[in-house]
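To keep things clear, I will list the structure first and then write my remarks on it.
Scope of the values below: all heavy atoms of this structure, side chains included, with no hydrogens, waters or symmetry mates.
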Amino acid sequence: MSDSSLAERGDRSEEQVSGAEVVAQALKTQGVEYMFGIVGIPVTEIAVAAQGLGIRYIGMRNEQAACYAASAIGYLTGRPLLVIGGSSERSQETMGAFQEFPQVEACRLYSKFSARPSSIEAIPSLIEKAVRSSIYGCPGACYVDIPADFVNLQVNANSIKYVECCMPPPVSMAETSAVCMAASVLRNAKQPLLIIGKGAAYAHAEESIGKLVEQCKLPFLPTPMGKGVVPDNHPNCVSAARSRALQFADVIVLFGARLNWILHFGLPPRYQPDVKFIQVDIRAEELGNNVRPAVALLGDINAVTKQLLEQFDKTPWQYPPESTWWKTLREKMKSNEAASKELASKISLPMNYYTVFYHIQERLPRDCVVVSEGANTMDIGRTVLQNYLPRHRLDAGTFGTMGVGLGFAIAAAIVAKDRNPEQRVICVEGDSAFGFSGMEVETICRYNLPIILLVVNNNGIYQGVDAGTWKEMLNFGETATVAPPLSLLPNSHYEQVMTAFGGKGYFVQTPEELQKSLRQSLADTTQPSLINIMIEPQATRKAQDFHWLTRSNI
């Protein structure tokens, strides 16, 4: 071996690498593409090192919004949330150090995996395990804690062994006998219903579920984030008769949908006492929650749906399109759609929710991603705004968390920029919900993401008051004692938040102004915009057969 080769080898053996660089390289090796956060001591160097390796770092204005954005990336790309947190130096533990907190222990309550590396050399294997744990089985968040002294500590580069990227999640299938039983129960149903959940969208089960709907002529109902797995405008979609479908179905197949509060726990009076549930889920612990299923199908939703299709290929079966059940559902759909259209057609000002959403729906691109949050804004919007493609609807979901909207929209726009530059992201916010993460407008403008923000503004939470009533009310005392807890400042100009950072803002009060601003915003693919849409402060939903999800005396 030549002297120069020996010298070269010696140089490499003496090469040093920091803990921050090891974290970044470990993430890159595991296929991490995006990082969201707010840097500070001790994690700034990790973000810089990640950028140096080509990982996209998006700096947010609020740590909650950063997590919301990262969680949406996980849903859209199949790489769930990995949280990396900086903590106090090891030598200062128990001394009251900066950021001393039992972070690993605390995060175990809310994550699939939570750990702190014992050394810099242990970081790659720990991150591989965290990523693997997040995507295997039921997907979920994982936490890795990095001590502050690890970030800049230098170690010999040759001492670091990077673990190759974990394999994709294994695909599991249900027991054949259970699949046969499920097909038999469905064949004998008098009033069947498929419920398509978020899990079906995450599993990319759109082709197999769509084939099942078509082949067996079954009515289906999507949950909010299950919208688009089968297009909302499909003739078998019974969203417009949701309450009726749930209340009278005798056999319900759950595709990745949980019997939690969103589906009223599967209990009477929203369901028949003797309804039979066929539950398809990747998580064993979810099977049998609240209601004992007639059949439990444990496995990947796409794979299990294909197993069901095999049964109906062997012995073809269709649910009769002219059944009494279909007639009942179609009649209810027709009456509900007529009631919504009547509300939408009202020409009095201020506008109501239905007028606003029908004008929005008319102009939305077919392949746009719709993000939504708010109380009435989200609930009414999901019944009017259509989704035709899977994973194109993001909303507050199971936890009903307000503030997710702008983070979700940023994530969707970042993915669209990389994978489908022509795709638009439309974020529909209530005025109260917008307030939770409103400063993320600066993030949107900083990264020049052409998101269209629609703030449906009724001056309050659920409901508000008009400017005249607000002014008169203040004559009776101090604001804190006389203003209703639900009220916000009337006619707030949220569009000026957008113009403050260089985007386009619109203040809209009429259908004509709404149409014009939507047309201009959709035509402009170079910058973000915010349309502040004033509606009737007391506007609400059409009359409901049942209380929607929660009760209130207000």
Side-chain angles (χ1 to χ4, degrees), residues 23-24 27 30-44 46-47 50-51 55-87 99 101-116 127 130-131 133-135 138-146 198 202 224-225 369 371-374 378 391 393-415 425 427 429 433-444 446-447 449 451:
V23 171
L27 292 170
Q30 295 307 317
V32 173
E33 298 179 77
Y34 307 100
M35 180 183 285
F36 298 84
I38 298 178
V39 293
I41 297 170
V43 296
T44 306
I46 295 176
Q51 283 183 312
I55 294 174
R56 308 276 294 283
Y57 174 79
I58 296 92
M60 307 289 283
R61 297 303 300 265
N62 181 286
E63 287 174 331
Q64 286 175 279
C67 274
Y68 296 148
S71 68
I73 287 283
Y75 175 67
L76 293 169
T77 67
R79 304 289 287 184
L81 177 62
L82 174 61
V83 179
I84 294 179
S87 59
Q99 294 192 340
F101 182 78
Q103 292 170 203
V104 173
E105 292 80 2
C107 288
R108 283 201 182 108
L109 290 170
Y110 310 106
S111 61
K112 291 186 70 182
F113 175 77
S114 179
R116 186 188 209 192
I127 284 179
V131 171
S133 298
S134 75
I135 63 176
C138 181
C142 293
Y143 177 71
V144 175
D145 187 66
I146 305 295
K198 172 183 170 183
Y202 185 81
M225 283 177 67
V369 175
V371 180
S372 187
E373 64 171 330
M378 184 169 64
R391 298 168 297 281
R393 161 108 191 172
L394 299 168
D395 72 14
T398 305
F399 295 111
T401 310
M402 292 299 105
V404 299
L406 274 68
F408 282 4
I410 288 167
I414 291 286
V415 172
V425 176
C427 183
E429 300 273 308
F434 175 75
F436 280 77
S437 300
M439 272 301 292
E440 298 304 335
V441 169
E442 187 272 334
T443 309
I444 291 169
R446 186 169 8 116
Y447 291 97
L449 303 172
I451 296 165

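- Here the shortest heavy-atom pairing between Cys427 and Ala409 reads CB-CB, 4.0 Å.
- In terms of heavy-atom proximity, Ala70 sits nearest to Leu81 at CB-CD1, 3.2 Å.
- Considering OH of Tyr447 and CD of Glu442, their distance stands at 8.5 Å, rounded to 0.5 Å.
- The shortest heavy-atom contact between Ala396 and Met378 is N-SD, 3.6 Å.
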**Q.** Worked verdict on Ile410 versus Met60 for side-chain contact (heavy atoms from CB on, under 4.5 Å)
**A.** CA-CA 10 Å; Ile410 288 167; Met60 307 289 283; 3.7 Å; yes

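- Residue Asn62 holds its CG atom at 11.5 Å from CZ of Phe436, rounded to the nearest 0.5 Å.
- The distance from atom OH of Tyr143 to atom CG of Leu109, rounded to the nearest 0.5 Å, is 13.5 Å.
- Between Ser437 and Leu406, the closest heavy-atom pair is O-CD2, 3.3 Å.
- Put simply, CD1 on Ile414 and CG on Leu76 are 12.0 Å apart, with the number rounded to the nearest 0.5 Å.
- Nearest approach of Arg393 to Pro224, heavy atoms of both residues: CG-O, 3.2 Å.
- No donor-acceptor distance shorter than 3.5 angstrom exists from the side chain of Lys112 to the backbone of Gly140, with no hydrogens or angles considered.
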Q: Begin with the C-alpha distance, continue with both residues' side-chain angles, and end with the deciding distance and a verdict on side-chain contact (heavy atoms from CB on, under 4.5 Å) for Arg79 and Ile73.
A: CA-CA 7 Å; Arg79 304 289 287 184; Ile73 287 283; 5.7 Å; no

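- The heavy-atom pair separating Ala412 from Leu394 by the smallest distance is CB-CD1, 4.2 Å.
- The aromatic rings of Tyr68 and Phe408 lie perpendicular to each other, with more than 60° between the two planes, well past the 30° mark.
- Two residues are said to be in side-chain contact when any heavy atoms from C-beta on lie closer than 4.5 Å; Asp395 and Met225 meet this criterion.
- Here Thr77 pairs with nothing under the side chain to side chain donor-acceptor pair (under 3.5 Å) rule; sequence neighbours left out.
- A distance-only check finds a donor-acceptor pair linking the side chain of Ser114 to the backbone of Val104 [under 3.5 Å].
- With hydrogens and angles disregarded, no donor-acceptor distance shorter than 3.5 Å links the side chain of Ser133 to the backbone of Ala130.
- When atom types are taken as modelled, the side chain of Lys198 and the backbone of Tyr75 share no donor-acceptor pair closer than 3.5 angstrom.
- More than 12 heavy atoms of other residues, nucleotides or ligands sit less than 6.0 Å from atom CD of Glu105.
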(Q) Using side-chain contact (heavy atoms from CB on, under 4.5 Å), reason through Leu82 and Leu27 one step at a time and then give a plain yes or no. (A) CA-CA 10 Å; Leu82 174 61; Leu27 292 170; 3.7 Å; yes

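- Summarising the local packing, CD of Gln64 is surrounded by 12 or fewer heavy atoms from other residues, nucleotides or ligands at distances under 6.0 Å.
- Annotation: side chain to side chain donor-acceptor pair (under 3.5 Å) contacts of Ser372 (sequence neighbours excluded): none.
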Pairs under 3.5 angstrom only: tabulate donor-acceptor contacts from the side chains of residues 32-42 to other protein residues two or more places apart or in another chain.
unit_1 : atom_1 : unit_2 : atom_2 : d
Glu33  : OE2    : Arg419 : NH2    : 3.1
Tyr34  : OH     : Asp418 : OD2    : 2.6

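- Under the 3.5 Å distance criterion, the side-chain polar atoms of Glu373 are matched with a main-chain donor or acceptor of Gly403.
- Side chains of Ile84 and Ile146 form a contact here, defined as non-hydrogen atoms less than 4.5 Å apart.
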